[in-house]
Amino acid sequence: MKGPPDAVAATPVAAAPRKETWREALFNRRMLICVFTGFSSGLPLYLLINLLPAWLRTEGVDLKTIGFFALIQLPYTWKFLWAPLLDRYALPAFGRRRGWMLATQVVLLAAIPLFGVLGPRQDIWSIVVLSTIVAFFSASQDIVLDAFRREILPDPELGLGTSIHVNAYRISSLVPGALALILSDRLPWSSVYVVTALFMLPGIAMTLAVREPLLVKGRPRTLREAVIEPFHEFITRNGWRDALTVLLFIFLYKLGDSMATALATPFYLDMGFTKTDIGLIAKNAGLWASVVGGLLGGLWMVKIGINRALWLFGVVQLASILGFAWLAYVNRPDRALLALVIGVEALGVGLGTAAFTAFIARTTDPRYTATQYALFTSLAAVPRTVINASTGWIVEQTGWFDFYLLCTLLALPGMALLFRVAPWRQENGAVPDVVGRPV
């Protein structure tokens, strides 16, 4: 009598992991957390760049002094310098990420109302100091929120989670940039700043509600390791040539788009549009197109992956620059065309930023997320903070139409580097997953 069928055939075969659907990715607790991280991250920055100048101007401070306040944004550019401290050290009781999140959020909650007890005319230097403190702790919050978000999101959800974070970041601008200004016509400034500060409470509640991500390999054991190892790990991961290629891509991918939008408002004015035209159309066609673009981009990345998103969204980004060239060629105040150009540009920014930020997050090693993420985002900001300073001179030499053709050409090298850093048929490049994701 023959024995049982071949034992190998009876052995259960492990099923391949099922790919998460976009509905499962969108409606989970991690995405809700990304809403809170984005809102908490954006609120202090928009307070500094929207509400603070409006307050100073209504109190009679001259434009030269208000312009000086742009320097308080320097902590956002140099945040990688102290990011290793946040990777190395943990505050008691709450853990490495949650501890720093809570500390920075509590300081911001306490600091923002202090603006209301100062007088711009007699306390201008105190306002400078307070603004610098708010900028420093806001940038520090960004460091740890970016690291926390990277550590709780599995790679397939990086694109969607990042786009939700970025959209919530933009929507937070409505508090200091709209609500607070409306309240200032009805309430004293001291009350306005208290109300604005209270919008930090949802972020604090989120920090208290979530759990600390669990690093399998632990955090850096020494400060030297926290400073040196993030750079060493990145360079030795695939060799220094690949590391330099990735850094060059991070620098170039948004270069053309960033230059094209640097002088957008003066360009619209030169085309004959009124400030009212620009304000109404930019708010409606710009903000919400950017939000929709970011959300759609995140959902599509769940399906197509980060690599293909960088290709497809990069093409949309490129087309949006050509829209500016089209408007310059027409050279007349056509409101419908302006709405179309602003809408397409905002959509391209939303899509491109979602994919680009997800790529940066994927490139980090979870052991050194804070330092590497801060370094990469600081490098990505260089075109916005340094190179864009030359755009006015270029326009004077070339005119608007040729300037936007130049911006289009400068967008091409970043697209060409996709062959190396994000091949169309390959969806890898992520570092080994060494992080647990309890939330």
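In this structure, the side chain to side chain donor-acceptor pair (under 3.5 Å) partners of Gln141, at least two apart in sequence or on a different chain, are Gln105. Listed by chain and residue number, Tyr76 satisfy the side chain to side chain donor-acceptor pair (under 3.5 Å) test with Ser138 (two or more places apart in sequence, or in another chain). Partners of Ser126 under the side chain to side chain contact (heavy atoms under 4.5 Å, CB included) rule, at least two apart in sequence or in another chain, are Leu118, Asp123. Listed by chain and residue number, Asp87 satisfy the side chain to side chain donor-acceptor pair (under 3.5 Å) test with Thr371 (two or more places apart in sequence, or in another chain). For Thr353, the side chain to side chain donor-acceptor pair (under 3.5 Å) criterion is met by Lys254, not counting sequence neighbours. Residues meeting the salt bridge (Lys or Arg N to Asp or Glu O under 4.0 Å) test with Glu225, sequence neighbours left out: Arg221.
When each of Phe80, Phe234, Phe231, Phe251 is checked for a ring pair (Phe, Tyr, Trp, His ring centres under 6.0 Å) with Phe376, only Phe234 meets the rule.
Pairs of residues two or more places apart, or lying in two chains, never qualify as salt bridge (charged side-chain N to carboxylate O under 4.0 Å, His left out) while including a residue from residues 160-184. Annotation: ring-ring contact (aromatic ring centres under 6.0 Å, His included) contacts involving residues 330-360, sequence neighbours excluded, comprise Phe249-Phe359, Tyr253-Phe356. The ring-ring contact (aromatic ring centres under 6.0 Å, His included) contacts involving residues 150-183 comprise Tyr46-Tyr169, where partners must be two or more places apart or lie in separate chains. Listed by first and then second residue, the ring-ring contact (aromatic ring centres under 6.0 Å, His included) pairs that reach into residues 107-143 are Trp82-Phe136, Phe115-Tyr193, sequence neighbours excluded.
By the 4.5 Å heavy-atom criterion applied to side chains, Leu179 and Leu174 are not counted as neighbours. The side-chain heavy atoms of Leu312 and Trp424, taken from C-beta on, include a pair separated by under 4.5 Å. Side-chain contact between Leu347 and Ser320 is absent, with no heavy-atom pair separated by less than 4.5 Å. Counting heavy atoms from C-beta outward, Asn307 and Arg362 have side chains that approach closer than 4.5 Å. Contact annotation: the side chain of Ile321 never approaches that of Gln317 to less than 4.5 Å [non-hydrogen atoms, C-beta and beyond]. In this structure, the side chains of Arg149 and Tyr373 come closer than 4.5 Å at one or more pairs of heavy atoms. In this structure the side chain of Leu183 never reaches within 4.5 angstrom of the side chain of Ser191, judged on heavy atoms. When side chains are defined from C-beta on, Phe267 counts as touching Leu327, because their heavy atoms get closer than 4.5 Å.
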Side-chain atoms of residues 331-342: list all donor-acceptor pairs with protein atoms under 3.5 Å, sequence neighbours left out, distances to 0.1 Å.
| residue | atom | partner | partner atom | Å |
| --- | --- | --- | --- | --- |
| Asp334 | OD1 | Ala336 | N | 3.1 |
| Asp334 | OD1 | Leu337 | N | 3.1 |
| Arg335 | NE | Asp277 | OD1 | 2.9 |

Please list every donor-acceptor pair under 3.5 Å in which a side-chain atom of residues 395-422 meets a protein atom from a residue at least two apart or in another chain.
| residue | atom | partner | partner atom | Å |
| --- | --- | --- | --- | --- |
| Thr398 | OG1 | Ile394 | O | 2.9 |
| Trp400 | NE1 | Asp270 | OD2 | 3.0 |
| Tyr404 | OH | Ala260 | O | 3.4 |
| Thr408 | OG1 | Tyr404 | O | 2.9 |
| Arg420 | NH2 | Asp242 | OD1 | 3.0 |

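A donor-acceptor pair is defined here as one N or O able to donate and one able to accept, closer than 3.5 Å; such a pair exists between the side chain of Arg98 and the backbone of Val210. Using a distance-only test at 3.5 Å, with no hydrogens or angles considered, no donor-acceptor pair links the side chain of Thr357 to the main chain of Ala354.
Nearest heavy atoms, Cys34 versus Ala168: O-CB, 4.4 Å. Thr369 approaches Glu151 most closely through the heavy-atom pair OG1-OE2, 3.2 Å. Here the shortest heavy-atom pairing between Lys79 and Ser378 reads CG-OG, 4.2 Å. The nearest pair of heavy atoms linking Met206 to Thr37 is CE-CG2, 3.7 Å. Between Thr363 and Gln372, the shortest heavy-atom contact is O-OE1, 4.2 Å. The two residues Ser41 and Leu145 make their nearest non-hydrogen contact at CB-CD1, 4.0 Å.
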Evaluate Leu108 against Val134 for side-chain contact (heavy atoms from CB on, under 4.5 Å), listing each step before the verdict. CA-CA 6 Å; Leu108 290 169; Val134 169; 3.9 Å; yes

Can Ser140 and Val144 be said to form a side-chain contact (heavy atoms from CB on, under 4.5 Å), step by step? CA-CA 7 Å; Ser140 300; Val144 69; over 6 Å; no

Could you walk me through whether Val192 and Arg186 pass the side-chain contact (heavy atoms from CB on, under 4.5 Å) check? CA-CA 9 Å; Val192 171; Arg186 298 161 174 81; over 6 Å; no

Take Ile133 and Val129, measure what side-chain contact (heavy atoms from CB on, under 4.5 Å) needs, and give me the verdict at the end. CA-CA 6 Å; Ile133 292 172; Val129 172; 4.1 Å; yes

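If you take CZ on Arg88 and CZ on Arg224, they are separated by 13.5 Å, rounding to the nearest 0.5 Å. Between Ile112 atom CD1 and Leu43 atom CG the span is 5.5 Å, to the nearest 0.5 Å. Here the straight-line distance linking atom OG1 of Thr132 with atom CG of Leu74 works out to 9.0 Å at 0.5 Å rounding. Atoms OG1 and CD1, on Thr364 and Ile360 in that order, are 9.5 Å from each other to the nearest 0.5 Å. Atom CG of Leu153 is separated from atom OG1 of Thr162 by 6.5 Å, given to the nearest 0.5 angstrom. Atom OH of Tyr268 and atom CE of Met271 lie 11.0 Å apart (nearest 0.5 Å).
For Trp311, the CH2 atom is densely surrounded, since the number of other residues' heavy atoms within 6.0 Å is greater than 12.
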